[in-house]
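Quick notes on the structure that follows.
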Amino acid sequence: MAENNDDKIIEELANEEYKYGFTTDIDTDYIPAGLNEDTIRLISAKKGEPDWLLEFRLKAYNQWKKMEMPHWPHLDLPEIDYQAIKYYAAPKQKKSPESLDEVDPELLKTFDKLGIPIEEQKMHVEMAVDAIMDSVSVKTTNKEKLAAEGIIFCSISEAVKNYPDLVKKYLGTVVPYSDNFFAALNSAVFSDGSFVYIPKGVRCPMELSSYFRINAINTGQFERTLIVADDESYVSYLEGCTAPARDEYQLHAAIVEIIVNDRAEVKYSTVQNWYPGDKQGKGGVYNFVTKRGLCKDDAKLSWTQVETGSAITWKYPSCVLQGDNSVGEFYSVAVTNNFQQADTGTKMRHLGKNTRSHICSKGISAGRSQNSYRGLVRVSPNADNARNFSQCDSLLLGDKCGAHTFPYMDIHNDTAVVEHEATTSKISDEQMFYCNQRGISNNNAVSLIVNGYAKEVLNKLPMEFAVEAQRLLEISLENTSSVG
Amino acid sequence: MLEIKNLHANINGKEILKGINLTVKDGEVHAIMGPNGSGKSTLSSVITGNPAYEITEGEIIFNGKNIVGMSPEDISREGVFLSFQYPVEIPGVSMVNFMRTAINEHRKYKGLDPLPASEFLKLMREKKEYVELDNKLANRSVNEGFSGGEKKRNEIFQMAMLEPKLSILDETDSGLDIDALRIVANGVNKLKSKDNSTIMITHYQRLLDYIVPDIVHVLYKGKIVKTAGKELALELEEKGYDWIKKEVDGE
């Protein structure tokens, strides 16, 4: 019986079309494909950047030339021709539109279609949005309301112009340009992204959200997000991503840097839904992302991610627990279907005393996909009484997919307590029949069971995102199981 | 209500049911008894369309429709409910979510709109009373961490929610202490009407003291070998199954 079920699971692979696969017909300003020092100077000039930033980019570029793509992930990484990619694409519009009347209606339509509220009348009162298409920020909402609290929320390009000292002080301090191949590439060519500064003692009154959209063809997206939470501040930040369905691969290499100062707290949530490629594994986004936060004394950083998109995901949101009593958390649901590949996890570096970290990873593999958890817990010699608990679960739908767990522990202090639990499970025939006997269809049964399995992580998401994430799980696994 | 004709069924190529004939009329309560391994639980699985079993011959006519080959979810939506001998745990899925999905799929099958949340919750509160389940149930995961008694009460609660025409209670008495048995039996009795029917599968007379059957069958080696009134259950309780085995095997 089990075999029969599994055969059908494989046969009835997801037929659901990617809902966000449309393209926007809009005039786009490109820099021609290819990467060299001139490209970088051109990007920098287009953005009217100060010299120090151009120097930063050039140093990164020269470092990148000496580096190689990482080969250690459990991924079948294709050759990428970095000279065939366009490094800058911007929808043609007036720079930094002051009001929505100045934003191209096509752009507004795009974000409306994506369900991103950037038009004032549709805006959520409790959420501010930075909408970014290809290489530029289209619109940031609710800025004035935030400014009243002293909070800065704008595109990183604007931040470079208006708050150069802040950007210069923190850029590259958590993820240096030499960190890894993709971080170096991003540092050389990053175009836009969001910048957040929460002043001392301020609790950000609304969710901050960035929405990333790739539109232009053969174009890489290299956004860079910098969040600084000053002492005793709090912010919850959300990030969403989609891209058109194209037959060609699209490269996305982003950096997120977070500084969490003394007694501050940052919650960073991601719903990643880049185009995953078609059922045969053609097209899709290659998603290579470096995300890292630095926690000072008594600070707390919590990463939550729901990863359903991308053909390839390479991503390890990490916490450097430098301050004493600092806390790092990582909650992840990663779904792979068809030919998707994901190698994702986290790094928790315990440097301070009494630092704590919690890891909860839920992988769900279907189709012919490969899903790996890779995590590192490092306790340095001075990190007395460090504590870590890791829970890594894998759920397999079908027998042609793979789930892998690579937990690394590097413990240099005898007082550390580090625990790791891992499980691998399948949806049992008994569970399916029990649901069916109550009148529940196979699709709904899988969706119920998967959502139940991922509940601990989904519960960490802000309400609106949780609903969206549940729906995404349903869509990405639709028709992965069918009996009868 | 239900008419089973010459039903043969296999699991993994082994024939378990070897020509079952059974007729259940509206409003009747039937008990199916028999020694271990006689095919009692197989019968309940086969009626409800469990894909682990293969029907090789025969018909199952439910309210005029042959339900052989119908998907288990459609059989459920037609109005057949199985109270499981071993209710299955579904971690992380709350009873509210589970029942809401089930109820709305039943409604969709009947061409009805989904039940609004407030009405659904009201229905849950009402139906819980049948089996004295506490208010926390709604937020607990399906059968996860439930005691044996709670699991069985939860089955009858689901039965109350879905209002089936035919309920099959598979060893509902097993693993219940006397108080839980009373609660479960009361729940079943309150749900009984002249329009719905019940099949109880059990080893023991015990349950039948609480839910009194109209007709008792003995299943042995995949066939119904004896059918009589409720007094048959008492006779079995007293004498065991040996005399029936002798009657059948001695033929």
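A, B, ... follow the sequence lines: proteins, then strands. Residue 1 opens every chain.
Neither the backbone nor the side chain of B:Tyr109 comes within less than 4.5 Å of any heavy atom in chain A. Using a 4.5 Å cut-off between heavy atoms, B:Glu78 makes no contact with chain A at all.
Within 6.0 Å of atom NZ in B:Lys192, more than 12 heavy atoms from other residues, nucleotides or ligands are found, so the atom counts as buried in its surroundings. Heavy-atom contacts from other residues, nucleotides or ligands closer than 6.0 Å to NZ of B:Lys108 number 12 or fewer. Counting heavy-atom neighbours within 6.0 Å of A:Glu456 CD, excluding the residue itself, gives a total of 12 or less.
The distance from the CZ atom of B:Phe98 to the CD1 atom of A:Ile449 is 8.5 Å, given to the nearest 0.5 Å. Taken to the nearest 0.5 Å, the NZ atom of A:Lys455 stands 7.5 Å off from the CG atom of B:Asn97. Atom OG of A:Ser441 and atom CZ of B:Arg77 lie 6.0 Å apart (nearest 0.5 Å). Here the straight-line distance linking atom OG of B:Ser76 with atom CG of A:Asn436 works out to 9.0 Å at 0.5 Å rounding. Rounding to the nearest 0.5 Å gives a distance of 5.5 Å between CZ of A:Arg438 and CZ of B:Phe84.
Across every non-hydrogen atom of A:Leu448 and B:Val93, the tightest pair is O-CG2, 3.1 Å. B:Pro91 and A:Gln431 make their closest contact through CD-NE2, 3.7 Å (heavy atoms, listed as atom of the first residue, atom of the second, distance). Taking every heavy atom of both residues into account, A:Phe433 and B:Gly49 meet most closely at CE1-C, 4.0 Å. Between A:Gln437 and B:Thr48, the closest heavy-atom pair is NE2-CG2, 3.6 Å.
Taking B:His203 as the reference, nothing meets the ring-ring contact (aromatic ring centres under 6.0 Å, His included) condition, with sequence neighbours excluded.
Without hydrogens or angle criteria, B:His106 side chain to A:Ile440 main chain gives no donor-acceptor distance under 3.5 Å.
Residues of residues 156-173 of chain B having a heavy atom under 4.5 Å from any heavy atom of chain A, listed by number: B:Gln158, B:Leu162.
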- Do A:Cys435 and B:Ile90 pass the side-chain contact (heavy atoms from CB on, under 4.5 Å) test, and can you show the C-alpha distance, the side-chain angles, and the key distance before you say yes or no? CA-CA 9 Å; A:Cys435 293; B:Ile90 310 180; 3.7 Å; yes
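Aromatic ring centres of B:Tyr86 and A:Tyr434 lie farther apart than the 6.0 Å criterion allows.
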